[in-house]
Every structure is written in structure tokens, then in C-alpha cells.
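All chains are named by letter (A, B, ...) in the order of the sequence lines, taking the proteins before the strands, and each is independently numbered beginning at 1. Because only heavy atoms are used, hydrogens play no part in the values below, and waters and symmetry mates are left out as well, while side chains stay in.
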Amino acid sequence: MDTILTITQLTSLVKESLQSQFSGISVEGEVSNFTKAASGHWYFTLKDESSSLSAVMFKQASWKVGFIPKDGDRLIVKGSLSVYAPRGSYQIICESMVASGVGEILLLLEKRRAEFAALGYFDQERKKSLPLYPKTVGVVTSSTGAVIQDIIKTLDRRTQAVNVILLPAIVQGELSPASISAQIEFANRHNLVDILIVGRGGGSLEDLLSFSDQQVIEAIVASDIPIISAVGHESDWALSDYASDVRASTPTAAAEIVSESWLTLQKNIGQVRQSLHLLMQHKLSLLHASARSVNIGRLGELLQQKVEYTSLFSDDLHQRLHQRFDTLLQLRKHSYTLLSSLLESLSPSCVLQRGYAIVTKNKRVISSKHETEVDDILQIHLSDGEIEVTVDHIKEDESEH
Amino acid sequence: MSIEKRLKRLEEITEALKTPTTELQEALTLFEEGVTLSKGIEKELTDIERKVEALVQTDDDTVELTPF
């Protein structure tokens, strides 16, 4: 006689057989009776024209999905079949799910990605570096979306140094790729900006599709202006992320990248000036010290310079410098005048005017009686002329007696 | 002069001031230049106000901007 099984035994056998044969399967269907339990688990039915399948997605898996399905949605779920013994029913325990059609988009994107990669569009060596201090940033995005607002808000928070030019573009739909690429090309043709941010807000994979379009990718690759791709939220991506020079996870992050150096510069420029002062002071004290070991005259000069230069350190630098210079110049002029009048008073003609005379013999000035003898012919030079005389007597000094 | 060029110059000036062989007179001239440069940059950073403009589509491929 055949073995008689209990219901539990049979159910358990069915469970084992189902679970081992139908694990890690993907199945596509339309959602109905979707319920989100307080526990966070999702219960729903997947069906097609003629069949239906119970489905459950536990909280541990459902929080990763990124959207909440609703009745009528077409889904592709991945999971394993399991048996619910109390009701004798089977169901699929879902581990992941994507909206139907997404699979095709992903396939398409993967195919394009491979093509573009083969063309060298994503090559690291063709990536341009961003200018450190961009003055003007162009944003190719929708004029009504959150992207431009996020970028302006972020820049407002960080620096005023970066101007923004919005290049309005259609960011989804059929007309989008042509619109985006036209703006990238326009910016390049007119060399309009230092950096371009190309982006849009978050959306479904399909919404983001134009940022993976061949026309857009080629415009990005051809751009001489460095491009930051900023598509959607953290987890979103598009092929523009690979083709651009820099990928920003969000438009806000793009604005942060663009303003980073400015922000640092704002923080540091005061310190730069301070270090200039310190270096100059250091230099002066070094010179001061070495001057001490040179000589007194040089030391004095350096001390004076140090006093002058130290006083120049205050903010009205130039003015003081000029004042100092003028004063020095005046002093020099003054001493020059003194010196020249002194020189003049010492000149021979001036002396002669005061009644002194110069005596020469054979055109040589004589200043002693021992340089002459009786009967010598001497010339006496006065301020207005010359007299020729003959020596007839040389007096003896009393001391010579 | 572009901000990059000015910063590069500031760097050169700093280096020159650090060099012991730079003469005092030259050092002073450089120092003045450095102070002027850094003040200029600081002023630029505090005085500027961002312009936000939007490109207006033109048929003849010219640039036309309007405040956004």
C-alpha cells in the first residue's frame, strides 16, 4: 500500500521542491491588491492575462527599492518561491524589483556605454581639469527646475565670486537631447563661460535618458569648456557622468566643486598678507643682526632704514613712503646748498677779493721766503690783475737770530 | 591680471622674501607689491556681487543675456 502522508508532510515536500527549483527567478507581471503593512512589509499580487501569483517583499528588501509600486504598475521582481503552510498556498518572496521596461533601458544604456567606451569617449586622458578660480559658470538645465535654484543657493552660501549664466534646455523627452547639445555647443562657440554644469533633477531612469543620448554625449566630448555632469540624486546616473570631465553626485555638489578654491582663498588671503609682514620683519632683523657685525657706519645706515621701513608697515604704506622720501630729498638738497657755499667761500678768487694775494715765481706758487732769493722776479696776483716785482731784500726772522 | 596670475606672483614674492640673498631694497619693493596684491584680492572677494543671468535664445547666433 502506498505511504499515506500527513498534510504537513506533503506541504513540507512541496515546499522543499518549490524552493529548490524556483529560487533566484525573475518574473514579470502587473501589480494588484498592493498593501503596505505597518511592519513595513509589502503584500501584493502579480498577474498577467490568465494567471496570478501572490508576492511578498519584506521590509529588509523593500527599503532598497526606491519607489513604492501601485496597482496597475508592471514590475519585474526577482526572488524565490515559498509555501505558506497554514493556507496551503505558494508565493514569491521578492528580493528586488524594477519597474518593467527598466530592464530594456538598462540593456540599451549598457550597449551605448560599451560603444562610447570603445570610441574613447570616457578615456581618462581626455578629461580636462577644471579652472581653479572660475569667474563664470554656465548651467545647462531647465530654467524652471530645482537645479538652477540649488546651484545659486549653494553659491550664495559660499562665495560671490562666481557668476552664473543659465543656458535653458529641455531636460527630458524627445526634444531634450538636441536642446542640451545645442546649448553646450553655443557656450563653446562663444566661449561664454569657464565651466559648464550640465544637469537636471532626479527622476526615473527614463526621465534621465537624454543625458545618455549620443548627441549629448558627443557634444560633451567635443566641448573645449570643462563640463561637470550633475544628474539627479546621489544614486542616479547617466552616461554624461562618464563622458564629462567631472561627475557631481548632485547639482549642489557641482556648485560646491566650482566654488571650492574661492572658499579656501577667502579663508587664506588674510594669512598670506600676514606672512608677508612676518617675512619682511624677519628679513629686516636678520639684516639688522648682520649689520651689527659689519661696521658702525653701515649699522647706522641700516638702523635708520629699519626705523623707516618698520614705520612703513602700517596701512598707509605708500603715503608714508613718499613722505620719507621727500624728507630725505629735502635734507640732501639742504646739505648740498651748504656744501656749495662753503666750497665757494674757499675758492681762491673769493680769498683774493678779501685783500689777500698769491705770489708766483716762474708760474709756481710760492708760500715761503725760502723759495725765493734777492733779484728774483715774482708775480703778485690780485683779484683784478697781476703785478711783476723784483726782490731786493729778504728779511730775516727774529727767531733765526 | 587673472587671479591665478596674481596668486602665482604672491607665491613668487613670498619665496623671494624667504631667500636670504634678496636685497633689502628689492625685498621692500616686493613686499609692497605683495601687500597691494593681497589687499586687491581681498577687496575683490568682499566687494563683488554675483550676476545671475539667463541666455536668451536668438536666431542669429549672438549672445543675449538677461538677469535671471
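Heavy atoms of B/Leu17 lying under 4.5 Å from chain A belong to its backbone as well as its side chain. No part of B/Thr66 comes within reach of chain A, as not one of its non-hydrogen atoms sits under 4.5 angstrom from that chain. For chain B, the nearby parts of A/Leu155 are the backbone and the side chain; heavy atoms of each come within less than 4.5 Å. With a 4.5 angstrom heavy-atom cutoff, B/Thr62 touches chain A only via backbone atoms. With a 4.5 Å cut-off on non-hydrogen atoms, B/Leu7 touches chain A through its side chain but not through its backbone.
When side chains are defined from C-beta on, A/Arg157 counts as touching A/Thr154, because their heavy atoms get closer than 4.5 Å. Using a 4.5 Å heavy-atom threshold, the side chains of A/Leu167 and A/Val139 count as separate. Side-chain contact between B/Phe31 and A/Leu279: absent, with no pair of heavy atoms (C-beta onward) separated by less than 4.5 Å.
Between the side chains of A/Thr144 and A/Ser142, at least one donor-acceptor pair of N or O atoms lies under 3.5 Å.
In this structure a side-chain-to-backbone donor-acceptor pair under 3.5 Å is missing from A/Trp262 to B/Leu45. A/Gln160 places a side-chain N or O within donor-acceptor distance of the main-chain N or O of B/Arg50, the cut-off being under 3.5 Å.
For B/Glu42 and B/Lys39, the salt-bridge test fails: no basic side-chain N is under 4.0 Å from an acidic carboxylate O. Comment: B/Glu11 does not engage B/Lys8 in a salt bridge, judged by the lack of any side-chain N to carboxylate O separation of less than 4.0 angstrom.
Each of A/Ile217, A/Val231, A/Ile227 was checked for a side chain to side chain contact (heavy atoms under 4.5 Å, CB included) with A/Ser244, and the lone residue meeting it is A/Ile227.
Ranked by non-hydrogen atom pairs under 4.5 Å with chain B, the options A/Ile152, A/Leu132, A/Thr136 are led by A/Ile152.
Listed in order of number, the residues of residues 194-203 of chain A that approach chain B to under 4.5 Å between heavy atoms amount to none.
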